[in-house]
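Structure record follows, encoded as structure tokens.
Within every chain, numbering begins at 1; the chains are lettered A, B, ... in the order of the sequence lines, protein sequences first and strands thereafter. Because the structure is a prediction, the values reported are computed rather than measured.
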Amino acid sequence: MNLFRNNTYLYTTAFLFFVGLSLVVVILPALYNQKNNAPLPGTEPLREDALAGKHVFIANGCVACHSQQVRNVAMDNVWGPRPNVAADYAHNTRMHWWMNTATLMGTERTGPDLTNIGTRLPSVDWHLLHLYNPRAVVEESIMPAYPWMFKVTTHVEEGDKVVNVPTEFLRGQEGTVVATREALQLVAYLQSLQQAPLPDGTVTPAFLYKSQAPAATAQTTTTDAAPAEAVVDGAAIYAANCQACHQATGTGLKGAFPPLKGSAIVQNDNPEVLIDIILQGYNAREEYGEMPAIGTINHLKPEEITAIINHERTSWGNSAREVSVAEVKDIIAMLESKKNNP
Amino acid sequence: MRPARTLLTYILLLTIPALPLAGYAQPVAEQSAPLLAQPGILITLVLILIPLLAAFIFMIWQVRRTLLRLQWQKQPTTQADQLEYLEGEAINAARLQRKPTLVYQLSGRELAGANTPDDSRGIIQQASNEHVIPFVAEKKKAQSRPAVDPKLTRLILWYLGSATCWLVIGTTVGEYLGIKFVSPDADTVPWLSFGRLRPVHTNAVFWGWSTLAMLGLGYYVVPKVSNTAIASIRQGWQTLILVNAAVALGSLCLMNGINNAGGEYREYVWPVMALFGLGLIITLINFLRTVARRTTTEIYISNWYILSAIIFVLVITVIAYWPTWQNGLGETIVQGYYMHQGVGMWFMLFNLGLVYYFLPQQLNKPIYSYSLGILAFWAQILFYTLIGTHHFVFSSIPWWLQTVAIVGSMGMLIPVIAGTTNFFMTLKGGWNKIASSYTLPFYVTGIIFYFTGSLQGTAEAFRFTNLLWHFTDFTVAHSHLTMYGIIAFLLWASIYALVPRLTGHEPPQWLVGAHFWLAFLGMMFYTIPLMIGGTLRGLMWMEGKPFIESVVLMAPYWLWRAIGGSLMWLSHLLFAYNFYRMVVGVRAAHPAATPVREALA
């Protein structure tokens with residue numbers, strides 16, 4: 001056979017065979033896919049500070065542990081209300097001549113997926129403390145700490161973002177921890193990561209392998225697929241929405257997030273203020289971080305809010321009466337009307 | 001009748017190691033009934049069991065042999081034993097007969113006779129009459145080969161030396177990363193942060209260690225099987241400098257936060273990778289010129305694989321890095337293609353070429369089938385090229401592309417089985433040589449993992465197994481079983497086979513053995529816990545448990561990974577020392593005076 005003896009034939013054949021196959025499975029599909037893709041209506045490219053934050057995210061190799069893709073399988077429902085579609089990535093283009101497009105889909109989930117982190121964890125203060133040292137908010141976390149994105153100073157200047165760090169994580173340093181611009185940009189990027197709703201009339205792609213993960217749908221608070229008769233587990237919804245800051249023990253973190261254990265607001269016979277804070281957020285106390293409007297951001301339903309507050313009112317030694325869904329619905333309606341007609 | 005019964009006994013015995021596994025699998029099966037009915041899972045379990053079963057059969061065989069020997073020893077065979085069965089006069093007669101045997105001694109000259117020893121053909125290598133009990137088995141030394149051009153030797157040694165440096169550097173980083181899973185607050189230096197160091201580790205062992213070692217060995221094999229001299233030694237040096245520069249610069253960039261925006265093994269930015277590509281172009285031209293002026297009619301199969309591998313890695317580097325075309329989601333399609341072709345079309349293909357030369361050479365017999373090698377060559381190109389997208393199953397890239405990747409992964413059965421059959425049939429009849437060689441154990445390990453590791457990859461590509469294992473540490477275990485179990489072991493085998501022939505210096509054999517066992521056991525301690533932990537973690541995610549619980553679950557498995565990693569790292573230090581000894585040698589200690597040595601002196 002000629003191929004055995006003629007080096008030109010042999011290597012040219014191998015080269016053309018490989019390039020031909022590559023053309024079919026890579027080059028053409030890649031070109032076709034990025035040409036036939038457009039951002040979802042209503043979404044915008046990253047703002048300046050979020051874009052700068054994306055650079056920080058890339059430079060520190062966060063993609064090594066954090067994916068950004070909600071696959072169309074039921075187990076991924078915890079990371080976002082719907083599977084990602086190609087359009088979700090349409091805003092990602094090259095940021096520099098020397099750098100590739102950063103879709104940052106990732107191949108490892110050593111840490112949680114970040115597709116919808118802006119919705120799941122909206123608190124800036126939580127993110128800053130978590131970046132300063134993840135173990136300050138999540139004891140079991142193995143994420144690296146990023147203390148070099150903060151400075152410890154005795155002179156807090158006007159406009160500085162102060163981070164309330166519990167003393168045991170200051171490693172003996174004296175002073176106040178202040179976030180650098182880098183840290184604030186990174187948090188701005190994380191906050192920008194939100195799954196946009198599909199335009200009206202679009203069929204939402206289904207989650208596959210549903211039978212494999214029956215618990216996954218019940219766990220998520222953001223999905224609207226939860227059957228009405230399902231038992232709403234207050235502890236699980238608390239874990240998904242509140243625990244990051246207020247902790248599983250309800251004690252919060254000294255100097256960062258207020259305790260719910262023994263709290264007068266939580267145990268008040270009238271749950272009006274408590275429900276208002278869950279829906280609208282709260283920032284009246286200097287010594288603690290700002291509470292985001294978690295109920296509104298995560299679209300919590302009255303049943304879920306009832307489950308959360310009953311969990312809070314009866315756990316950790318708290319002993320207030322349980323409230324009913326009807327009562328919560330009334331209060332929500334009352335707060336709505338108050339907001340609309342002040 | 002008897003062989004049949006023995007066979008049955010063995011088969012029954014073989015099921016024993018599977019029992020604890022089955023027991024472990026039960027509670028899992030309750031939660032998710034079809035798990036053990038999933039083909040991907042079953043295939044993986046069988047693949048993991050294959051090396052264990054092989055070891056178990058070997059053990060049974062050894063025990064049986066020992067038992068038979070003991071039985072045989074019980075029978076009265078010596079004269080002293082027979083005395084017990086004699087009576088009366090017969091005892092005295094026997095005693096008298098035995099007396100001279102008690103005082104008889106060898107003179108030490110029975111074989112040599114009265115002549116002085118003489119070794120006119122230079123055959124005797126290990127003359128000794130010392131009776132020391134060896135702690136490790138003595139292995140054969142390297143046969144001397146026709147002289148190699150000293151300039152080429154120097155070039156090859158520099159390639160292998162810098163590869164060894166990158167191995168030590170890259171795995172020191174890897175070891176530190178493994179420790180960070182157990183102790184995340186080990187340091188707070190930005191340059192040593194996990195996300196920045198991880199690609200430093202992977203890229204240094206890919207482009208530094210494996211690539212440079214492969215090229216160095218290629219500079220020996222390509223001209224050797226063409227039966228001619230290398231076209232240009234000077235170009236060899238240019239490639240060496242360029243590739244080393246790319247890895248050094250790339251590592252510094254990564255630690256400084258300059259990277260290519262995600263995508264495994266594509267973290268170096270393109271200006272850095274351009275150096276790498278330029279280096280490979282130079283060597284490709286050099287090798288093509290060498291093959292063109294070969295003095296053999298045919299192109300030996302090694303050169304099919306080696307030169308094609310260089311052509312293909314250049315193609316994938318250009319496709320992946322060309323800075324003006326991908327701008328959007330195309331990046332992810334290219335990423336799947338790039339990372340898998342890098343492994344399959346560069347490291348695997350090149351190493352297969354090396355094995356097609358070194359394995360027959362070490363066994364001193366031809367390769368079993370030339371045709372199988374060619375079948376595997378074309379099948380590898382056809383199927384491997386298709387499978388890149390299996391890293392993004394269920395993601396937002398087209399469904400048909402994912403299906404093509406899964407089908408291609410199935411097609412990989414053909415080249416893998418063809419290659420493995422070829423190597424094992426070549427080994428057939430030569431198994432007894434393994435015990436007396438310090439390179440063959442590395443080859444056999446590499447070939448076994450070529451089979452199990454590659455097929456594990458096929459099983460992992462199925463949609464269900466993706467559900468279970470994707471995003472977990474199972475994939476990390478898989479990449480170590482393959483890049484380490486296959487590539488690194490085959491490279492060590494070839495380095496131990498080649499360097500003593502170039503320099504005339506042998507590595508200390510017991511340290512080669514220590515290197516082998518530390519690397520092998522370390523890899524087992526590294527991968528098996530990660531596979532178990534990865535599976536449990538995947539199940540936990542499928543059940544919808546809170547994420548942090550799966551982090552807590554992994555803690556002991558990550559600890560085992562750090563322990564296994566430490567053993568692997570230690571073995572690399574031993575390898576580096578062995579390499580040093582092979583290059584520099586050791587000032588000969590005064591050999592004990594023996595009759596043969598005296599005569600030879």
Side-chain angles (χ1 to χ4, degrees), chain A residues 4-5 7 10-11 14-15 17-19 21-22 25-27 29-31 33-34 37 58-64 67 69 71-73 75 78 84-86 89 92-94 97-105 107-109 112 138 140 142-145 147-148 209 212-213 215-216 219 239, chain B residues 32 181 184-185 188 190 193-196 198-199 257 259-264 266 269-271 288 291-292 297-299 304 307-308 311-312 315 319 323 326-334 337 381 385-386 391-392 394-398 401 404 467 471 541-544 546-548 551-552:
Chain A
F4 283 97
R5 307 202 172 140
N7 40 310
L10 173 65
Y11 297 124
F15 171 74
F17 189 26
F18 186 65
V19 170
L21 283 169
S22 301
V25 295
V26 188
I27 301 176
L31 286 174
N33 269 272
Q34 65 191 33
N37 199 10
I58 291 167
N60 287 290
C62 306
V63 71
S67 57
Q69 47 171 322
R71 300 171 298 169
N72 58 346
V73 290
M75 62 188 281
V78 282
N84 274 126
V85 292
Y89 300 94
N92 290 307
T93 48
R94 270 177 193 274
W97 60 270
W98 49 268
M99 189 191 262
N100 214 325
T101 310
T103 54
L104 300 170
M105 276 192 196
T107 52
E108 283 282 319
R109 239 175 226 168
V138 185
E140 304 88 350
I142 59 153
M143 181 170 133
W148 69 85
Y209 297 93
Q212 299 289 348
Q219 273 265 334
Chain B
S32 175
F181 275 87
D185 284 321
T188 53
S193 167
F194 182 89
R196 298 193 191 183
R198 184 183 192 252
N259 66 52
N260 198 27
E264 279 151 328
R266 195 159 58 144
V269 290
W270 70 259
L288 282 173
V291 173
T297 343
E298 294 184 346
I299 304 167
W304 287 48
L307 274 80
S308 302
I311 295 173
F312 297 161
V315 171
I319 289 180
Q326 311 150 51
N327 193 14
L329 195 56
E331 180 267 342
T332 300
I333 296 172
V334 176
Y337 165 85
I381 300 176
T385 315
L386 306 179
H391 290 268
F392 293 97
F394 298 124
S395 78
S396 304
I397 59 177
L401 211 53
V404 166
L467 207 60
F471 294 137
W541 289 348
M542 287 164 77
E543 286 162 20
F547 187 84
I548 194 69
V551 176
V552 176

What option among Pro271(B), Ser395(B), Pro199(B) has the most heavy-atom pairs under 4.5 Å with chain A? Ser395(B)
Ring-ring centroid check Phe312(B) Phe17(A), cutoff 6.0 Å: no
Between Ile142(A) and Pro184(B), the two heavy atoms sitting closest are O-CB, 3.4 Å
To the nearest 0.5 Å, tell me how far Ile27(A) CD1 sits from Ile333(B) CD1. 11.5 Å
Out of Leu104(A), Thr93(A), Thr107(A), which one racks up the most heavy-atom pairs below 4.5 Å with chain B? Thr107(A)
In terms of heavy-atom pairs under 4.5 Å, which option from Gly328(B), Gly257(B), Gly263(B) contacts chain A the most? Gly328(B)
Does the side chain of Asn259(B) reach to within under 4.5 Å of the side chain of Trp98(A), using non-hydrogen atoms? no
Where is the tightest heavy-atom contact between Arg266(B) and Asn100(A), given as atom of each residue plus distance? NH1-ND2, 3.0 Å
Okay, Arg196(B) and chain A: the region with an atom under 4.5 Å from a heavy atom over there is both
Can Tyr11(A) and Ser308(B) be said to form a side chain to side chain donor-acceptor pair (under 3.5 Å), step by step? CA-CA 7 Å; Tyr11(A) 297 124; Ser308(B) 302; over 6 Å; no
Which is it for Ser22(A) and Thr385(B) under the side chain to side chain contact (heavy atoms under 4.5 Å, CB included) test, yes or no, and what are the steps along the way? CA-CA 7 Å; Ser22(A) 301; Thr385(B) 315; 3.9 Å; yes
Contact part of Ser67(A) toward chain B, heavy-atom cut-off under 4.5 Å: side chain, backbone, both or neither? side chain
Winner by heavy-atom pair count (cut-off under 4.5 Å) against chain A, out of Leu401(B), Asn260(B), Leu329(B): Asn260(B)
Relative to chain A, which segment of Pro190(B) carries a heavy atom at a distance below 4.5 Å: side chain, backbone, both, or neither? both
What distance separates Asn60(A) CG from Ser193(B) OG, expressed to the nearest 0.5 Å? 5.5 Å
Considering only heavy atoms from C-beta outward, does the side chain of Trp541(B) approach that of Arg109(A) to under 4.5 Å? yes
Measure across Leu288(B) and Asn7(A) and return the closest heavy-atom pair with its distance rounded to 0.1 Å. O-ND2, 4.5 Å
For each of Gly61(A), Ala59(A), Ala239(A), tally heavy-atom pairs with chain B at distances under 4.5 Å, and name the one with the top tally. Ala59(A)
Options Val85(A), Val19(A), Val63(A), ranked by heavy-atom pairs under 4.5 Å with chain B, top entry: Val85(A)
Taking all atoms of both residues into account, what is the closest heavy-atom pair of Ala86(A) and Ser396(B), and its distance? N-CB, 3.7 Å
Val404(B) versus Val25(A), closest heavy-atom pair with distance: CG1-CG1, 4.4 Å
Turns out that what part of Pro147(A) lies under 4.5 Å from chain B's heavy atoms comes down to side chain
Below 4.5 Å from any heavy atom of chain A, which atoms of Val334(B) appear? Answer side chain, backbone, both or neither. both
When the ring planes of Trp97(A) and Trp270(B) are compared, do they come out parallel, tilted or perpendicular, using 30° and 60° as the limits? perpendicular
So if I apply the side chain to side chain contact (heavy atoms under 4.5 Å, CB included) rule between Phe471(B) and each of Glu108(A), Gln69(A), Met75(A), which one comes out positive? Gln69(A)
Identify which part of Ile548(B) has an atom lying under 4.5 Å from any heavy atom of chain A, answering side chain, backbone, both or neither. side chain
Side chain to side chain contact (heavy atoms under 4.5 Å, CB included) for Asn33(A) and Ile397(B)? Distances and angles first, verdict last. CA-CA 8 Å; Asn33(A) 269 272; Ile397(B) 59 177; 5.7 Å; no
Could you check which of Leu307(B), Ile319(B), Val269(B) has the highest count of heavy-atom pairs closer than 4.5 Å to chain A? Leu307(B)
Residue from Cys62(A), Ala64(A), Pro112(A), Pro29(A) scoring the most non-hydrogen pairs under 4.5 Å with chain B is Pro112(A)
Residue Asn92(A) versus chain B: region with a heavy atom under 4.5 Å: backbone
How many angstroms lie between CD in Glu331(B) and CE in Met105(A), if you round to the nearest 0.5 Å? 8.0 Å
Proximal component of Phe547(B), with respect to chain A [non-hydrogen, under 4.5 Å]: side chain
Check: Asn327(B) main-chain N/O paired with Gln34(A) side-chain donor or acceptor under 3.5 Å: yes
In short, Ile381(B) meets Leu21(A) closest at the heavy-atom pair O-CD1, 3.6 Å
Taking Gln326(B)'s backbone N and O only, do any of them form a donor-acceptor pair with Arg94(A)'s side chain (distance below 3.5 Å, no angle check)? yes
